[in-house]
Amino acid sequence: MNEELATQIGSVARLAREQMSLTQAQVAERVGLAAAVYSRVERGHMMPSVSTLYRMCIALMVSPEDLLGLTESTDSDARARPEDDAALRRLIFVARKLDAGKLDALVHVATELAR
């Protein structure tokens with residue numbers, strides 16, 4: 001097992017889960033794993049299968065690239081606050097699934113919130 005990769009997957013999964021205010025048990029249920037097994041994945045003690053990684057990306061709204069640590073931020077501020085970078089990527093992940101009308105509404109809401 002590649003311990004560095006397992007730790008990467010686990011820490012990104014934990015951060016995403018915490019930002020979504022979910023418990024390990026809730027994510028485990030969504031992913032189709034026993035809570036104890038998901039806990040081992042999140043702690044970096046177990047490497048998930050490809051199909052489990054896929055379900056984790058969907059449940060946690062995280063891209064596979066982020067989960068596997070394949071993305072690098074070029075913005076120095078984002079590197080200083082990786083949780084912000086992850087939250088923005090999750091928002092983009094969700095936004096890509098929206099139809100044009102809903103995407104326009106999201107842009108309007110985000111614009112109003114930014115004022």
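Only this structure's heavy atoms are used, side chains among them; waters, hydrogens and symmetry mates stay out.
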Contacts table for residues 41-59: side-chain donor-acceptor under 3.5 angstrom, sequence neighbours left out:
unit_1 : atom_1 : unit_2 : atom_2 : d
Glu42  : OE1    : Arg17  : NE     : 3.2
Glu42  : OE1    : Arg17  : NH2    : 2.7
Glu42  : OE1    : Gln24  : NE2    : 2.7
Glu42  : OE2    : Arg17  : NE     : 2.8
Glu42  : OE2    : Tyr38  : OH     : 2.8
Arg43  : NE     : Ser39  : O      : 3.3
Arg43  : NE     : Ser39  : OG     : 3.2
Arg43  : NH1    : His45  : ND1    : 3.4
Ser49  : OG     : Ser51  : OG     : 3.2
Ser49  : OG     : Thr52  : N      : 3.2
Ser49  : OG     : Thr52  : OG1    : 3.0
Thr52  : OG1    : Arg55  : NH2    : 3.2
Arg55  : NE     : Val31  : O      : 2.5
Arg55  : NH2    : Val31  : O      : 3.4

Distance check, rounded to the nearest 0.5 Å: [X] atom [atom1] versus [Y] atom [atom2]?
| X | Y | atom1 | atom2 | answer |
| --- | --- | --- | --- | --- |
| Asn2 | Thr7 | CG | OG1 | 8.5 Å |
| Leu33 | Arg40 | CG | CZ | 11.5 Å |
| Asp66 | Leu60 | CG | CG | 11.5 Å |
| Leu22 | Glu29 | CG | CD | 11.0 Å |

Report summary line: In short, Leu67 meets Gln8 closest at the heavy-atom pair O-CG, 3.6 Å
Report task. Would you name the heavy atoms of Ala35 and Ala28 that are closest together and state the gap between them? Result ->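 The pair with the smallest heavy-atom distance is CA-CB, 3.7 Å.
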Query raised in the report: According to a 4.5 Å side-chain heavy-atom criterion applied to Ile, Leu, Val, Met, Phe, Trp and Tyr, with indirect links allowed, do Val12 and Leu5 form part of one hydrophobic cluster?
Result: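 Looking at the clustering, Leu5 is in the same group as Val12.
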Query raised in the report: Does Leu91 belong to the same Ile/Leu/Val/Met/Phe/Trp/Tyr cluster as Leu98, with side-chain heavy atoms less than 4.5 Å apart forming each link?
Result: yes
May I have the list of side-chain donor-acceptor pairs in residues 102-115 shorter than 3.5 Å, sequence neighbours left out?
unit_1 : atom_1 : unit_2 : atom_2 : d
Thr111 : OG1    : Val107 : O      : 2.7
Glu112 : OE2    : Arg115 : NH1    : 3.2

Query - Flag if over 12 foreign heavy atoms under 6.0 Å of CD, Gln26 - result: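 More than 12 within 6.0 Å, yes.
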